[in-house]
Amino acid sequence: MKTNLMHPCITVSPARERVVMRLFKQTSLLLGLFLTLNFSFSSCKKDSELITSGELNKELSKQNSSKSTEAVTSGGQTGVMMQGFYWDVPMTTPAGSWWQNLQAKATELSQAGITAIWIPPANKGGSVYDVGYGVYDHYDLGEFNQKGTVATRYGTLGQLQSAISALHQNNIGVYEDIVMNHMMNADYSETVNGKTVWTGFNFPGRNNTYSSFTWNHNNFNAVDQSGWIMFNNWDFQPYNNGDFYDGLMGCEIRFSDAAQRNEMVTWGNWITQKLSLDGYRLDAVKHIHTSFLNQWLDNVKGSRFAVGECWSNDIQNLQNYVSSTGGRMSVFDVPLHYTFKAMSDGNGSWDMRGLQFAGFTEANGDLSVPFVDNHDTDAPSGALRSPVVNLKMLAYSYILLRQKGYPCVFYRDYYEYGLGNQIKKLIEIRKNNAYGASYEYTSVNDANVYVYSRSGDATHKGLLMLLNDGSNAASKGVTTPFPNATLTDKTGNTAGTVTTNASGYGVFPVNARNYAVWVPNSTGGGSNTSVTFNITYNNTVSGQDLYIIGSIPALGSWNTANAVKMTCPAWPAWTQTISLPTGQSIEYKYIRKDASGNVLWEPGSNKNITPTGSTQTRNDTW
């Protein structure tokens, strides 16, 4: 879903290029078509209960290993990606082209803690001004004299490859923006059913280099020329109340036909090798035939990372979509963005309790990429324009310090809106302290202040985050995971220290319209024990998981919403390692919970543990 594109499938001189603005509906209804099963990809099950469809089951079994190591990792998930562009970036920078600009920033981005960068579409568009979403030639990455230019808006192929090399040398992965829904700016017109349509692509400037595949109206379902001119039926009919639909813009590629599917798979493998890609951002996926995307990911992605732009402000729609794609790719957390937008628009009047368990990230963190803004939401105009203007650093604190999700930082926020130093500090705190079990303080939060903690682990001390959108400074009495500890606000926003008692309780300040991240000091305070809980439990079905819950924040303080989820490496053996305060008597037990929140409690009396030493193992039965 993009705006500001050249007229679809028509070749014109640069002087006559015009901008097309398209409006897209955004709705929030449940998916009711083509999904009859609700898969839970994180749950353990008996073998007899596994989905038996060979291809899908194979993908489920390798889901964890197929995600990028920069994405969600056990315990710390320290990776942070950056969207390395915005709408209509300048064609020249102090460093040269946009590719040269990214190359020049590789070292400082690495030092700031950025582990991967999403680059704009590298393919040739309708002119040197095209931002890349008006795809003309997928195989021209700034190498051939086509559409009046060799370079793309972002530079030449050589400059792009040099930038990627520099990013890789600085341990930054590169994710290419993959645009496969449509093509535009055709080379010649055809006459179809008495109508002149611009649907012919033979790429004379490239002259069959890399691929001899050419395109005409038979390769498309329709072309949008002041209204749709149809050649074939749509690959699929609209669903989700018409929010997911095939005909988006330009020459809509016909993915129900094997020729186009195979060609795009071939191209996907070519560009992956040509640019040494580490992953992909897939554009406008809710408008592309899902079975084709699954085929493309199966044959191109391998162990690389992939995230799809499935623009839906509905968590269940996103859950259904990642089910239909078999967990092959993550999706951007659009609902969370609109939560931040509501906070921004409220500008102090919004109820901060709306951040509790918010977004798709909380529902399915393993497949979620939370973000604050991107090129579409920040664009000068367009249906997706929805910038987070106010209190933006509160939103960044939220996505960068939360237990779940693989956060994405926006280039323009970092470099042009003056937030770089603050974001860099949060990434540092994330790397050093954002570990261990999380806790939502539902009984502490109010309309102005939101509180959240991470308990830490044996080598990381955890954190306590406070976000205040109010016009006055505030203080909150909080029982933290840190008994007898002295804490400092690592953001530097709040002066002084706070000391907790033997139960971890302390009173923590946060300034007006600001954020604080309180971290136990490296000297003094209580110590923690890394406790591994093991239990054999076979009374689960698809969609159910085992959790630990207990008497302290690190174990949820008996709030089932904050219980710590266990992993199941080999059913029915469940395990989880949690950092707990050394020497403190703790009560706990196990619960079974499904995605809808239905809970079954372990019967009998509470179990007890007093952590000792640096590590400890508890083997339990239910």
With Ser579 as reference, evaluate Asn528, Thr459, Asp457 under the side chain to side chain donor-acceptor pair (under 3.5 Å) test and give the passing residue.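 Running side chain to side chain donor-acceptor pair (under 3.5 Å) over Asn528, Thr459, Asp457 with Ser579 returns exactly one hit, Asn528.
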Report yes or no: is the cationic atom of Arg412 (NZ for Lys, CZ for Arg) closer than 6.0 Å to the six-membered ring centre of Tyr86, at no more than 45° off its axis?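 Yes, Arg412 and Tyr86 form such a contact.
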Phe85/Trp118 under ring-ring contact (aromatic ring centres under 6.0 Å, His included): CA gap, chis, key distance, verdict: CA-CA 8 Å; Phe85 65 102; Trp118 153 28; 5.5 Å; yes
Which pairs pass ring pair (Phe, Tyr, Trp, His ring centres under 6.0 Å) with one or both residues in residues 595-616, sequence neighbours excluded?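 Checked against ring pair (Phe, Tyr, Trp, His ring centres under 6.0 Å) - neighbours excluded - no pair reaches residues 595-616.
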Name all pairs fulfilling the ring pair (Phe, Tyr, Trp, His ring centres under 6.0 Å) condition that reach into residues 473-499, sequence neighbours left out, sorted by first residue then second.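 Not a single pair qualifies under ring pair (Phe, Tyr, Trp, His ring centres under 6.0 Å).
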Which residues satisfy the side-chain hydrogen bond (donor to acceptor under 3.5 Å, both in side chains) test with [X], sequence neighbours excluded?
| X | value |
| --- | --- |
| Thr499 | Thr486 |
| Asp620 | Tyr588, Tyr590 |
| Ser438 | Gln403 |
| Tyr515 | Gln422 |

Looking at Tyr396 versus Tyr398, is the centre-to-centre ring distance below 6.0 Å? no
Student check: side-chain heavy atoms of [X] and [Y] closer than 4.5 Å:
| X | Y | result |
| --- | --- | --- |
| Val507 | Val498 | no |
| Thr529 | Ser614 | no |
| Met329 | Val285 | yes |
| Leu487 | Val519 | no |
| Met343 | Leu394 | yes |
| Tyr450 | Glu440 | yes |
| Leu555 | Glu587 | no |
| Thr115 | Asn171 | no |

Option passing ring-ring contact (aromatic ring centres under 6.0 Å, His included) with Tyr537 (candidates Trp571, Trp574, Trp622): Trp622
Quiz: residues 348-360 side-chain donor-acceptor pairs under 3.5 angstrom, not counting sequence neighbours:
unit_1	atom_1	unit_2	atom_2	d
Ser349	OG	Gly346	O	2.9
Asp351	OD1	Arg353	N	3.0
Asp351	OD1	Arg353	NE	3.0
Asp351	OD2	Arg353	NE	3.4
Asp351	OD2	Arg353	NH2	3.0
Gln356	OE1	Asn445	ND2	2.8

Review item, side-chain donor-acceptor pairs of residues 462-473, under 3.5 Å, at least two apart:
unit_1	atom_1	unit_2	atom_2	d
Asn468	OD1	Gly470	N	2.8
Asn468	ND2	Asn472	O	3.0
Asn468	ND2	Asn511	O	3.1

Exercise: do [X] and [Y] side chains pair donor with acceptor under 3.5 Å:
| X | Y | result |
| --- | --- | --- |
| Thr497 | Thr488 | no |
| Asn493 | Asp489 | no |
| Thr500 | Thr480 | no |
| Tyr441 | Ser453 | yes |
| Thr377 | Asp373 | yes |
| Asn240 | Tyr321 | no |
| Thr361 | Asp333 | yes |

Measure from the side-chain N and O atoms of [X] to the backbone N and O of [Y], and report whether any donor-acceptor pair falls under 3.5 Å.
| X | Y | answer |
| --- | --- | --- |
| Ser368 | Asn364 | no |
| Lys286 | Asp243 | yes |
| Arg592 | Leu600 | no |
| Lys476 | Val449 | no |
| Lys392 | Val388 | yes |
| Gln319 | Ile315 | no |
| Asp413 | Tyr417 | no |
| Asp378 | Pro387 | no |
| Ser386 | Leu384 | yes |
| Asp278 | Gly173 | no |

Pairs involving residues 604-614, ordered by first then second residue, that meet salt bridge (Lys or Arg N to Asp or Glu O under 4.0 Å) (sequence neighbours left out): Glu602-Lys607
How close do [X] and [Y] get, counting heavy atoms only, and between which atoms?
| X | Y | result |
| --- | --- | --- |
| Lys404 | Glu362 | NZ-O, 3.0 Å |
| His337 | Val372 | ND1-O, 2.7 Å |
| Met82 | Ile114 | CB-CG2, 4.0 Å |
| Ile552 | Pro581 | CD1-CD, 3.6 Å |
| Ile172 | Ala106 | CD1-O, 3.5 Å |
| Ala495 | Trp518 | O-CH2, 4.2 Å |

Give the ring-plane orientation class for Trp311 versus Phe371, where under 30° counts as parallel, over 60° as perpendicular and anything between as tilted. tilted
Check the orientation of Tyr406 and Tyr175. Use parallel for under 30°, tilted for 30 to 60°, and perpendicular for over 60°.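 Answer is perpendicular, since the angle exceeds 60°.
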Given side chain to side chain donor-acceptor pair (under 3.5 Å), test Thr577 with Thr532 step by step and report yes or no. CA-CA 4 Å; Thr577 300; Thr532 298; 2.8 Å; yes
Got a sec: does the CG of Asn619 have more than 12 other heavy atoms crowding it under 6.0 Å?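 Yes, because the 6.0 Å sphere around CG of Asn619 holds more than 12 heavy atoms from other groups.
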Please name all residues satisfying ring-ring contact (aromatic ring centres under 6.0 Å, His included) with Tyr547, sequence neighbours left out, ordered by chain then number. none
Residues forming a ring-ring contact (aromatic ring centres under 6.0 Å, His included) with Tyr280, sequence neighbours excluded: Trp296
Quick one: side-chain contact (heavy atoms from CB on, under 4.5 Å) partners of Arg513, sequence neighbours excluded?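 Partners of Arg513 under the side-chain contact (heavy atoms from CB on, under 4.5 Å) test: Asn347, Asn390, Leu391.
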Salt-bridge criterion met for Glu428 and Lys431 (N-O under 4.0 Å):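 Salt bridge absent between Glu428 and Lys431.
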